[in-house]
Amino acid sequence: MNAPRMTAPRAVAPDIDGLGTWLPIPGFGLLAINAFLIHAPQPVLVDTGLASQRTEFLEHLRARIDPAALRWIWITHTDLDHIGNLAAVLELAPAARIVTTYLGMAKMNLAGLPVDRVYLLNPGQSLDIGDRMLQAVSPPCFDAPETTGLLETRNRTLFSADCFGALLEAPAENAAAIEPQALRTGMASWARVDAPWLDRVEAGAFGRTLAAVRALEPARILGSHLPPAEGMTETLLENLDAARAAPAFAGPDQAALERLLAAA
Ligand SMILES: [Fe+2]
Ligand SMILES: [Fe+2]
């Protein structure tokens with residue numbers, strides 16, 4: 001399957017640009033794949049997009065910043081939709097260091113990526129980028145143990161990595177533009193794909209992880225797989241809590257795949 005064109009880079013929050021695309025998932029709708037650029041005295045790229053869109057990703061990045069000015073590349077986790085253009089960006093950004101955890105560094109090393117420029121940061125620790133702090137956080141849902149989201153403290157923007165994603169029927173400019181029930185079911189579907197362990201977590205324990213997000217008081221949530229969600233924290237928390245009771249995800253088997261391909 002060919003990757004679609006990326007959407008035009010755009011401001012998605014104060015001092016923050018989005019570099020994104022909508023990836024068709026045959027049989028399941030569309031999934032946003034978002035990277036972000038934080039404009040600060042020490043500029044930060046959060047994740048690096050899809051390798052299949054490298055030329056366009058780098059063009060869009062260059063349209064918003066001289067990559068040589070980047071100081072940090074924050075990798076939320078080492079899945080392919082987050083590290084796709086990491087090596088290419090590192091070449092264009094010789095001053096940039098990779099923010100990750102020890103486990104993230106190990107997985108990058110196994111993937112053959114350079115690790116000589118990593119900067120290890122654990123949840124609970126913060127990074128000073130000149131005019132604000134980036135506080136590393138562990139989101140309630142994740143599909144990789146090294147997952148580290150971040151709270152940007154100046155405008156209280158929470159970058160939630162894979163958590164709060166949604167499988168959607170159509171692209172949307174922002175999460176508020178999505179019909180509420182479509183958002184709820186889309187978030188449940190994604191959560192059960194990305195976190196198949198979700199129904200194994202006892203309600204009280206999961207509730208405490210949701211409360212930890214609430215305590216951060218984010219003004220907006222920027223998910224890797226959701227359009228920007230401004231002032232919607234309670235809705236996203238409720239939807240994710242409800243996802244615990246959603247049906248488990250099972251992908252198509254070979255016969256179903258052949259039917260999908262024939263229909264396409
Ligand atoms: Fe992931
Ligand atoms: Fe992801």
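- Contact check for Arg117 versus Leu90: side-chain heavy atoms found under the 4.5 Å cut-off.
- Classification of Arg64 and Asp17 as a salt-bridged pair holds, one side-chain N sitting under 4.0 Å from a carboxylate O.
- Counting only distance, with no hydrogens or angles, the side chain of Trp22 and the backbone of Thr7 share no donor-acceptor pair below 3.5 Å.
- Looking only at side-chain heavy atoms (C-beta outward), Leu168 and Pro227 come within less than 4.5 Å of each other.
- Nearest heavy-atom pair, Ala195 versus Cys141, reported as atom, atom and distance to 0.1 Å: CB-SG, 4.0 Å.
- When all heavy atoms are compared, the tightest approach of His225 to Asn34 is N-ND2, 4.2 Å.
- Here the straight-line distance linking atom OG1 of Thr185 with atom CG of Asn239 works out to 9.0 Å at 0.5 Å rounding.
- For the pair Leu127 and Tyr119, the minimum side-chain heavy-atom distance is below 4.5 Å.
- Taking 4.5 Å as the limit, every side-chain heavy atom of Ile73 sits out of range of all side-chain heavy atoms of Val44.
- A donor-acceptor contact shorter than 3.5 Å links the side chain of Gln125 to the backbone of Asn122.
- In terms of modelled atom types and a separation under 3.5 Å, the side chain of Glu146 and the main chain of Leu103 share no donor-acceptor contact.
- Residue Leu80 places its CG atom among 12 or fewer non-hydrogen atoms of other residues, nucleotides or ligands, all under 6.0 Å distant.
- Distance alone, capped at 3.5 Å, is enough to place a donor-acceptor pair between the Arg220 side chain and the Asn155 backbone.
- Residues Gly84 and Arg54 share a closest heavy-atom pair of O-NH2, 2.8 Å.
- Side-chain atoms of Arg132 do not come within 3.5 Å of backbone N or O of Ala40 as any donor-acceptor pair.
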Pair Cys163-Leu240, side chain to side chain contact (heavy atoms under 4.5 Å, CB included): steps then yes or no: CA-CA 9 Å; Cys163 189; Leu240 189 58; 3.7 Å; yes
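- Of all heavy-atom pairs between Ala35 and Phe57, the closest is CB-CE1, 3.8 Å.
- Of the inter-residue distances, the one linking Thr78 atom OG1 with Leu113 atom CG reads 9.0 Å to the nearest 0.5 angstrom.
- Rounding to the nearest 0.5 Å gives a distance of 9.5 Å between CG of Leu134 and CD of Gln42.
- Judged by distance alone, with hydrogens and angles left aside, the side-chain atoms of Arg10 form no donor-acceptor pair with the main-chain N or O of Gly18 at under 3.5 Å.
- The side-chain heavy atoms of His77 and Thr100, taken from C-beta on, include no pair separated by under 4.5 Å.
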CA sep, side-chain torsions, deciding dist, call: Leu158, Val137, side chain to side chain contact (heavy atoms under 4.5 Å, CB included): CA-CA 9 Å; Leu158 176 65; Val137 298; 3.9 Å; yes
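- Heavy atoms only, all atoms of each residue included: Pro24 and Leu30 are closest at CA-CD2, 3.8 Å.
- Counting only heavy atoms from C-beta outward, the side chains of Pro252 and Leu260 approach each other to under 4.5 Å.
- The CZ atom of Arg244 sits 9.0 Å away from the CG atom of Leu210 when rounded to the nearest 0.5 Å.
- Between the Asp47 side chain and the Thr76 main chain, a donor and an acceptor come within less than 3.5 Å of each other.
- Note on Leu45: it clusters hydrophobically with Met105, by side-chain heavy-atom contacts below 4.5 Å among ILVMFWY residues.
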Candidate pair Asp162 and His82, rule side-chain hydrogen bond (donor to acceptor under 3.5 Å, both in side chains), full reasoning: CA-CA 10 Å; Asp162 281 5; His82 300 259; 3.0 Å; yes
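- Residue Leu150 is not grouped with residue Leu37 when hydrophobic side chains (ILVMFWY) are merged at heavy-atom distances under 4.5 angstrom, including chains of intermediate members.
- Residues Phe159 and Phe164 place their aromatic rings such that the two centres sit no closer than 6.0 Å.
- In this structure, Ile75 is not a member of the same hydrophobic cluster as Val99, with clusters built from ILVMFWY side-chain heavy atoms closer than 4.5 Å.
- In the hydrophobic cluster analysis, where Ile, Leu, Val, Met, Phe, Trp and Tyr join through side-chain heavy atoms closer than 4.5 angstrom, Ile33 is grouped together with Val193.
- Closest of all the heavy-atom pairs between Lys107 and Ala144 is NZ-CB, 4.0 Å.
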Step-by-step side-chain hydrogen bond (donor to acceptor under 3.5 Å, both in side chains) determination, Gln53 to Thr21: CA-CA 9 Å; Gln53 295 179 325; Thr21 195; 2.9 Å; yes
Trace of the side chain to side chain contact (heavy atoms under 4.5 Å, CB included) decision for Phe249 with Phe28: CA-CA 11 Å; Phe249 169 76; Phe28 298 93; 3.6 Å; yes
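- Distance CG/Leu121 to OG/Ser126: 7.0 Å, rounded to 0.5 Å.
- No side-chain heavy atom of Pro247 sits less than 4.5 Å from a side-chain heavy atom of Arg192.
- Without hydrogens or angle criteria, Thr153 side chain to Met133 main chain gives a donor-acceptor distance under 3.5 Å.
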Ile16/His39 under side chain to side chain contact (heavy atoms under 4.5 Å, CB included): CA gap, chis, key distance, verdict: CA-CA 6 Å; Ile16 298 166; His39 295 280; over 6 Å; no
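- Gln135 places no side-chain N or O within donor-acceptor distance of the main-chain N or O of Gly124, the cut-off being under 3.5 Å.
- For the side chain to side chain contact (heavy atoms under 4.5 Å, CB included) with Ile221, the lone residue among Thr233, Leu237, Leu226, Thr235 that qualifies is Thr233.
- A donor-acceptor pair is defined here as one N or O able to donate and one able to accept, closer than 3.5 Å; no such pair exists between the side chain of Arg71 and the backbone of Ile129.
- Contact check for Leu23 versus Pro4: side-chain heavy atoms found under the 4.5 Å cut-off.
- The hydrophobic clustering, which links ILVMFWY residues whose side-chain heavy atoms are closer than 4.5 Å, places Met187 and Leu167 apart.
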From CA spacing to verdict: ring-ring contact (aromatic ring centres under 6.0 Å, His included), Trp197, Phe142: CA-CA 10 Å; Trp197 45 264; Phe142 50 84; 5.4 Å; yes
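- The distance from the CG atom of Asn109 to the CG atom of Asp116 is 10.5 Å, given to the nearest 0.5 Å.
- More than 12 heavy atoms of other residues, nucleotides or ligands sit less than 6.0 Å from atom CD of Glu179.
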